[in-house]
Each structure stands twice: as structure tokens, then as C-alpha cells.
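Let me begin by presenting the structure, written as C-alpha cells, before commenting on it.
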Amino acid sequence: MKVISVLKLEATAFFVATLWAYYLIGASWWLFLILLLVPDLFMVGYAKNSKLGALIYNIGHTYTVPLVLLGVYVFFDATVLLPVSVIWLAHISMDRMLGFGLKLETGFKHTHLGTIGKNRE
């Protein structure tokens, strides 16, 4: 089994886990649908250039930020952060499940999971 396939399988399992967690916390599924694609706003840096685009996009597409938000929720009981962080984790795992990985500085179509789009290598 190729490494990429294993990473996509792992992302699929994590996506299912985030859906289950979201169900358990009982938050609004409308909120889930509304916020699911919000992390894609992190591609705004591509308006300037690929290097800045990759940097900003990757900040919004690593597990670090939503996990920090989960920590803030736990330690400060900031209840609004629980559904937001789970939705964010769901977005990241959904992207990786579909093959949209962290971006490389060489261009938007180049990710740590390979090239995306019609002209794949």
C-alpha cells in the first residue's frame, strides 16, 4: 500500500471521528455546514504569490490551530470554541481525505500528498 493511500485512509478515519464528535457535542448541523469551508479563506495569500499563499494556507490547514482552540476551550471553558475547533478539524481531515494536502511553495496544485487537478504528474 502506498504511503499516500495510508495518509488518505488515516484522514478518512479522522473525518469520521470528527463527525461523530460533532454529533456527540450536539451542536447545530447548520453551523457545521456554514463553517465547514471557512478555513479555505486561508488561501487569500495566493493573491500575492505562491510562497505567501502556501504559508498562510498551511497555517489554516494544520491540526495545530484547532487543537490549540480545543485547549483554550478545556482550560477556559470557552464553549463556543468546541464546535468551531471540531468543524475546523473536520475540514482539514476532509481536505486530506480528498487529496488536498498542505501546499508547497511551488504552486497551489503542489501538495504534500501530490499534485492536484487535471494535469497531475
Side-chain angles (χ1 to χ4, degrees):
M1 186 178 255
K2 294 183 352 180
V3 172
I4 300 303
S5 299
V6 171
L7 292 175
K8 287 181 181 179
L9 183 62
E10 175 185 61
T12 302
F14 198 73
F15 181 65
V16 170
T18 58
L19 293 177
W20 180 249
Y22 197 80
Y23 168 77
L24 291 176
I25 64 175
S28 166
W29 285 100
W30 285 110
L31 180 67
F32 185 90
L33 292 174
I34 291 167
L35 295 182
L36 184 61
L37 297 179
V38 168
D40 283 335
L41 294 174
F42 281 87
M43 68 177 69
V44 69
Y46 281 100
K48 175 83 172 161
N49 61 48
S50 291
K51 185 175 182 176
L52 181 63
L55 174 67
I56 294 172
Y57 183 91
N58 290 342
I59 289 170
H61 286 82
T62 62
Y63 292 119
T64 307
V65 178
L67 289 175
V68 167
L69 291 180
L70 273 176
V72 172
Y73 157 74
V74 168
F75 289 108
F76 297 104
D77 196 32
T79 54
V80 70
L81 294 181
L82 180 58
V84 169
S85 58
V86 173
I87 294 166
W88 200 338
L89 292 167
H91 173 89
I92 294 167
S93 57
M94 178 185 69
D95 269 6
R96 293 186 186 176
M97 175 181 75
L98 297 173
F100 301 107
L102 296 172
K103 304 300 182 197
L104 305 178
E105 292 180 358
T106 54
F108 184 79
K109 293 184 177 188
H110 303 143
T111 77
H112 83 288
L113 295 174
T115 303
I116 57 174
K118 289 184 179 182
N119 298 324
R120 286 188 267 175
E121 296 168 357

Determine all donor-acceptor pairs shorter than 3.5 Å in which one atom belongs to a side chain in residues 42-51; sequence neighbours excluded.
| unit_1 | atom_1 | unit_2 | atom_2 | d |
| --- | --- | --- | --- | --- |
| N49 | OD1 | K51 | N | 3.1 |
| N49 | OD1 | L52 | N | 2.7 |

Identify all side-chain donor-acceptor contacts of residues 64-77 below 3.5 Å with residues at least two apart in sequence or on another chain.
none

Hey, can you pull the donor-acceptor pairs under 3.5 Å for the side chains in residues 81-93, sequence neighbours left out?
| unit_1 | atom_1 | unit_2 | atom_2 | d |
| --- | --- | --- | --- | --- |
| S85 | OG | L81 | O | 2.8 |
| S85 | OG | L82 | O | 3.0 |
| W88 | NE1 | G60 | O | 2.8 |
| H91 | ND1 | L36 | O | 2.7 |
| H91 | NE2 | D40 | OD1 | 3.1 |
| H91 | NE2 | H61 | NE2 | 3.0 |
| H91 | NE2 | D95 | OD2 | 3.2 |
| S93 | OG | L89 | O | 3.0 |
| S93 | OG | A90 | O | 3.1 |

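Residues meeting the side-chain contact (heavy atoms from CB on, under 4.5 Å) test with N58, sequence neighbours left out: A54, L102, K103. Contacts of V16 classified as side-chain contact (heavy atoms from CB on, under 4.5 Å), with partners at least two apart in sequence or in another chain: none. Scanning for ring-ring contact (aromatic ring centres under 6.0 Å, His included) contacts around W29 gives Y22, F32, with sequence neighbours left out. A search for ring-ring contact (aromatic ring centres under 6.0 Å, His included) contacts involving F15 returns nothing, not counting sequence neighbours. Under the rule for a ring-ring contact (aromatic ring centres under 6.0 Å, His included), the partners of F14 that lie at least two apart in sequence or sit in another chain are Y63. Applying the side-chain contact (heavy atoms from CB on, under 4.5 Å) rule to T106 yields the partners L104, H110; only residues at least two apart in sequence or on another chain are considered.
When all heavy atoms of K8 and R96 are compared, the pair lying nearest together is CG-O, 3.6 Å. G114 and T111 get closest at one heavy-atom pair: O-OG1, 2.7 Å.
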